[in-house]
Protein chains: 2
Amino acid sequence: MTGRRQDLGASFARLTRAMIDAETPILAARGVGMWEYVVLSALEDGAAPTQAELAATVRRDKTRLIPILDALEGRGLLSRTPDPADRRNRVVALTEPGRAVLAACRAGVRAMEDEFLAAVPAAERRIFTTVLEQLADRTSR
Amino acid sequence: MTGRRQDLGASFARLTRAMIDAETPILAARGVGMWEYVVLSALEDGAAPTQAELAATVRRDKTRLIPILDALEGRGLLSRTPDPADRRNRVVALTEPGRAVLAACRAGVRAMEDEFLAAVPAAERRIFTTVLEQLADRTSR
DNA sequence: TATTGTTATACTCTATAACTATA
DNA sequence: TATAGTTATAGAGTATAACAATA
């Protein structure tokens with residue numbers, strides 16, 4: 001029924017590793033670590049109302065998030081401001097420099113991805129990326 | 001130019017996690033851990049002439065491989081026999097029970113994967129898995 | 001001397017639990 | 001008392017280095 005030889009998990013794992021290896025130097029050239037990039041990306045569509053919520057969206061423990069936020073805040077790439085309504089909460093938001101750095105990183109990553117997929121014919125590539133995102137989105141909630 | 005919203009790396013990482021979460025109970029029901037399954041799978045197409053070579057194919061340090069081999073050998077799922085030509089080498093091979101356990105695990109995993117992909121139309125699914133394997137294979141060598 | 005496998009050690013990453021400040 | 005954030009500690013996972021056996 002299926003012509004697969006490899007487990008899906010094995011293929012996904014290999015490709016994850018390959019993407020990390022390819023992205024690391026791109027991000028490093030902008031002084032950004034892998035997890036820092038993940039955090040910046042998570043804030044692109046809007047500020048996070050609490051750090052706990054941000055930790056959940058990046059699928060990381062809230063305690064592990066703190067050093068990352070410290071570093072990014074120290075470089076002025078994001079801000080942590082107490083929520084006036086409930087001063088226990090800290091709303092995390094990109095600063096303008098943060099948004100610029102994120103845009104530069106994203107552009108570099110996308111260029112690498114385009115090159116990585118270049119050997120795949122356009123029609124198949126479009127189907128592949130569409131299905132990939134559909135499946136990935138299904139795992140979110 | 002591309003309609004992607006998510007980075008490929010983010011999608012691959014999510015799906016890797018989802019597959020691990022889905023496979024773990026399937027393997028545990030057969031008393032097999034994730035890395036044990038990876039090792040057994042690597043031996044399916046033939047014995048490994050040395051442990052170092054096996055470690056390389058599963059992309060793991062040779063030192064970390066040892067406890068895994070110890071456990072699998074202890075359960076009689078694989079054998080480590082000194083190579084007569086060079087007695088420093090140990091050739092690692094599946095035993096018959098090992099092959100049976102692997103087959104059972106593989107069947108369970110494939111069933112899970114088929115279900116996971118069931119929502120994708122057959123034509124797109126075939127393209128997706130084909131491209132996925134092509135890309136994954138490219139990362140090996 | 002060089003190499004395979006092993007063991008031992010150190011390091012990193014991650015998770016759990018205690019602490020503070022607000023509510 | 002309960003919760004958000006922080007800090008501190010412990011545990012698992014990983015990598016590096018030393019050791020024994022064989023070549």
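Lettering follows sequence order; numbering is per chain, from 1. The figures that follow rest on heavy atoms only: side chains count, while hydrogens, waters and symmetry mates do not.
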Self-check item: Nearest-angstrom distance from the residue atom CE of A:M34 to P of C:dT14
Solution: 13 Å
Exercise. Before accepting this row, confirm whether a basic side-chain N of the pair B:R88/B:D83 lies closer than 4.0 Å to the acidic partner's carboxylate O.
Key: no
Quiz item: Which whole-number value in Å describes the distance from B:D83 CG to D:dT22 P?
Solution: 14 Å
Exercise. Return the value, rounded to whole Å, for the distance between atom NZ of A:K62 and atom C1' of C:dA18.
Key: 11 Å
Exercise. May I ask you to say what B:D61 touches in the nucleic acid, namely base, sugar-phosphate or nothing, with a heavy-atom cut-off under 4.0 Å?
Key: base
Quiz prompt | Closest to side chain of B:Q51, choosing from D:dG5, D:dT16, C:dT6 | solution = C:dT6
Practice problem: Could you check how far CG of B:L69 sits from P of C:dT7, rounded to whole Å? | Solution: 12 Å
Restricting both atoms to N or O, compile the protein contacts to nucleotides 1-3 of chain C shorter than 3.5 Å, with distance only.
from: C:dT3; atom 1: O4'; to: B:R88; atom 2: NH1; distance (Å): 3.3
from: C:dT3; atom 1: O2; to: B:R88; atom 2: NH1; distance (Å): 3.2

Quiz item: Hey, does the side chain of B:R87 come within less than 4.0 Å of C:dG5's phosphate (OP1/OP2), counting only N and O?
Solution: no
Exercise. Find the distance B:I20:CD1 to D:dG13:P and express it as a whole number of Å.
Key: 12 Å
Practice problem: Starting from C1' on C:dT4, measure out to CG on B:L65 and report it in whole angstrom. | Solution: 13 Å
Self-check item: Cation over ring face, A:R30 and A:Y37, 6.0 Å, 45°
Solution: no
Exercise. State whether A:R60 places a side-chain N or O below 4.0 Å from either non-bridging phosphate oxygen (OP1 or OP2) of C:dT14.
Key: yes
Quiz item: To the nearest Å, how far apart are A:D70 CG and D:dG5 P?
Solution: 13 Å
Quiz item: Does the distance from a Lys or Arg side-chain N to an Asp or Glu carboxylate O, for B:D21 and B:R17, drop under 4.0 Å?
Solution: yes
Quiz item: So does B:E36 pair up with B:R75, basic N to acidic O under 4.0 Å?
Solution: yes
Self-check item: Validation row: A:D7, B:R106 side chains within 4.5 angstrom (heavy atoms)
Solution: yes
Quiz prompt | Side-chain N,O (A:R90) to OP1/OP2 (D:dA4) below 4.0 Å | solution = no
Exercise. Give the nucleotide from the list C:dG5, D:dT7, D:dA23 with an atom nearest to the side chain of B:T50.
Key: C:dG5
Quiz item: Closer to the 5' end of DNA chain C via nearest nucleotide, is it A:W35 or B:I66?
Solution: B:I66
Practice problem: On the 0 to 90° scale, with breaks at 30° and 60°, tag the A:F128-B:F128 ring pair as parallel, tilted or perpendicular. | Solution: parallel
Self-check item: Residue-phosphate contact under 4.0 Å: B:R64 side-chain N/O, C:dT7 OP1/OP2
Solution: no
Practice problem: Please state how far atom CZ in A:R59 lies from atom P in C:dA15, giving the value in whole angstrom units. | Solution: 14 Å
Self-check item: Any residue meeting salt bridge (charged side-chain N to carboxylate O under 4.0 Å, His left out) with B:E124, in chain and number order, not counting sequence neighbours
Solution: none
Quiz item: Are any of A:R80's side-chain N or O atoms less than 4.0 Å away from OP1 or OP2 of D:dT6?
Solution: yes
